[in-house]
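Have a look at the structure below before the remarks.
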Amino acid sequence: MQSADVAEEGGRSLVFFDLETTGLGQSCDIVQLAAVSGGHSFNLYVVPHSPMQRGATKVTGFRVRRQRLYLHHQRVLTNSLREVLVSFIAFLQMLGRPLVIGHNSRRFDCPLLAQALDKLDLRAEFESAISGCVDTLPLAREILKDHCLQSFRQENLVKELLGMNYKAHDALEDVRALQALYSVLQPTPELVRRHMFTLDTMENKDPVPAVL
DNA sequence: TGCCAGGCCCTCTTTAGGGCCTT
């Protein structure tokens, strides 16, 4: 972890997170979990139980051979899923019940994270470590509804709003780009509140009453 | 060898279908 100023909004720290996984289905496993908050960063890898789907290997560069994880043919150090999740919860606790922010996180990252937390009986601990979750995909769609953007993919938003290309599909690079993107979007506290959800309520359409 | 998910949103809709978004 690195230390520096922590991004804040309404007195809450903001943590930007992203998962790389074995694919896109509900049965997929986490391969990489990365997060940033200001200058603090978190980045750990897991050897997945399920095989990497071809499309996932193509876009992420991850491969598994003989229970070892490789990224673009270079072996990476890994931890158990429990070690990764417990460390992530400790990272969140260090930041003082932050808001956890991801792109399309309500439909992709958070359900997979919840599934992993449930498997290891860590969901309650995670929930108590955060203030809530926010998905920047619907947030960006609402903020930029008059900008006639053709795509709200994170990679495209970063290109359009920040004028930069970056190494998409590396979780740490993705969260750094998302943090920069969020600072440009500048959502109001009211807008953030309306887009907040928790792991328990993410399947509901209704916003979660939140205190910012 | 080839295929592989799923929920939201929009519209050429609502008795539906296709594109988007994540890996």
Side-chain angles (χ1 to χ4, degrees), chain A residues 15-36 43-65 69-73 76 78 81 84-85 88 100-119 133-161 165-179 181-182 185 187 191 194-208:
Chain A
V15 172
F16 299 86
F17 91 109
D18 187 43
L19 302 179
E20 302 300 325
T21 70
T22 56
L24 295 174
Q26 290 182 332
S27 62
C28 290
D29 288 336
I30 294 170
V31 177
Q32 182 185 11
L33 195 167
V36 295
N43 184 34
L44 290 177
Y45 301 89
V46 183
V47 177
H49 290 297
S50 59
M52 292 292 302
Q53 291 178 4
R54 189 179 304 171
T57 289
K58 188 175 180 181
V59 301
T60 65
F62 284 111
R63 291 178 189 276
V64 177
R65 290 288 182 274
L69 183 66
Y70 295 83
L71 176 57
H72 302 302
H73 307 291
V76 293
T78 57
L81 182 59
V84 170
L85 295 178
F88 186 45
V100 177
I101 301 170
H103 198 67
N104 200 23
S105 58
R106 184 165 186 155
R107 295 296 161 212
F108 184 75
D109 303 85
C110 284
L112 281 174
L113 183 61
Q115 194 175 59
L117 290 165
D118 285 340
K119 190 159 60 178
C133 305
V134 175
D135 185 345
T136 52
L137 176 58
L139 197 65
R141 282 187 166 135
E142 185 166 346
I143 291 171
L144 303 171
K145 59 189 174 187
D146 298 325
H147 285 63
C148 302
L149 292 177
Q150 289 187 337
S151 167
F152 287 85
R153 294 174 58 187
Q154 181 179 318
E155 198 173 357
N156 190 64
L157 290 174
V158 169
K159 184 177 180 181
E160 293 289 336
L161 300 184
N165 294 308
Y166 75 102
K167 189 178 172 185
H169 294 300
D170 176 286
L172 188 57
E173 293 297 318
D174 279 334
V175 291
R176 284 174 174 154
L178 186 61
Q179 183 172 241
L181 181 64
Y182 192 88
L185 288 174
L191 192 59
R194 283 199 285 111
H195 283 271
M196 273 183 68
F197 62 94
T198 70
L199 297 189
D200 289 335
T201 63
M202 63 189 167
E203 298 305 325
N204 300 330
K205 283 184 174 181
D206 297 335
V208 179

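Remember, predicted model here, so these are calculated numbers, not experimental data.
- With rounding to whole Å, Leu69(A) atom CG is found 16 Å from dT23(B) atom P.
- Distance CD (Gln53(A)) to P (dG6(B)): 11 Å, rounded to an integer number of Å.
- Using atom P as the reference point in both dC8(B) and dC12(B), the two lie 22 Å apart (nearest Å).
- Without hydrogens or angle criteria, His169(A) side chain to Ala56(A) main chain gives no donor-acceptor distance under 3.5 Å.
- If you take NZ of Lys145(A) and P of dC10(B), they are 11 Å apart, rounded to a whole angstrom.
- Between Ile30(A) atom CD1 and dT23(B) atom P the separation is 13 Å, expressed in whole Å.
- Judged purely by atom type and a 3.5 angstrom limit, Gln154(A) uses its side chain to pair as donor or acceptor with the backbone of Asp174(A).
- Phe152(A) comes within 4.0 angstrom of the backbone, heavy atoms only, and of no base.
- Checking dC21(B), dT22(B), dC8(B) against every side-chain atom of Leu137(A), the shortest atom distance belongs to dC21(B).
- An OP1 or OP2 oxygen of dC21(B) is reached within less than 4.0 angstrom by no side-chain nitrogen or oxygen of Arg107(A).
- Here the separation of dG6(B) from dG2(B), taken at their P atoms, is 24 Å to the nearest Å.
- Backbone-only engagement by Asp18(A) is indicated by non-hydrogen atom pairs under 4.0 Å involving sugar-phosphate atoms exclusively.
- Taking atom NE2 on His103(A) and atom P on dC20(B), their separation rounds to 13 Å, with Å as the unit.
- For the pair Val59(A) and Glu20(A), the minimum side-chain heavy-atom distance is 4.5 Å or more.
- At the heavy-atom level, Leu19(A) lies under 4.0 Å from the strands shown only through sugar-phosphate atoms.
- A heavy-atom distance below 4.5 Å is found between the side chains of Leu149(A) and Leu157(A).
- Following rounding to the nearest Å, Asp135(A) (CG) and dC21(B) (C1') show an atom-to-atom distance of 9 Å.
- When each of Gly25(A) and Glu20(A) is assigned the nucleotide of DNA chain B with its nearest heavy atom, Gly25(A) is the one assigned upstream, toward the 5' end.
- When heavy atoms are screened at a 4.0 angstrom cut-off, Thr22(A) is found touching no nucleic acid atom at all.
- Going from the P atom of dG18(B) to that of dT1(B) covers 30 Å, rounded to whole Å.
- Nucleic acid contact class of Arg54(A) (heavy atoms, under 4.0 Å, all strands): base.
- Taking atom NE2 on His195(A) and atom P on dC9(B), their separation rounds to 10 Å, with Å as the unit.
- Between the CG atom of Leu112(A) and the P atom of dG6(B) there is a distance of 12 Å, rounded to whole Å.
- More than 12 heavy-atom neighbours from other residues, nucleotides or ligands sit within 6.0 angstrom of NE2 on His72(A).
- For the P atoms, the distance from dC4(B) to dC10(B) is 27 Å, rounded to whole Å.
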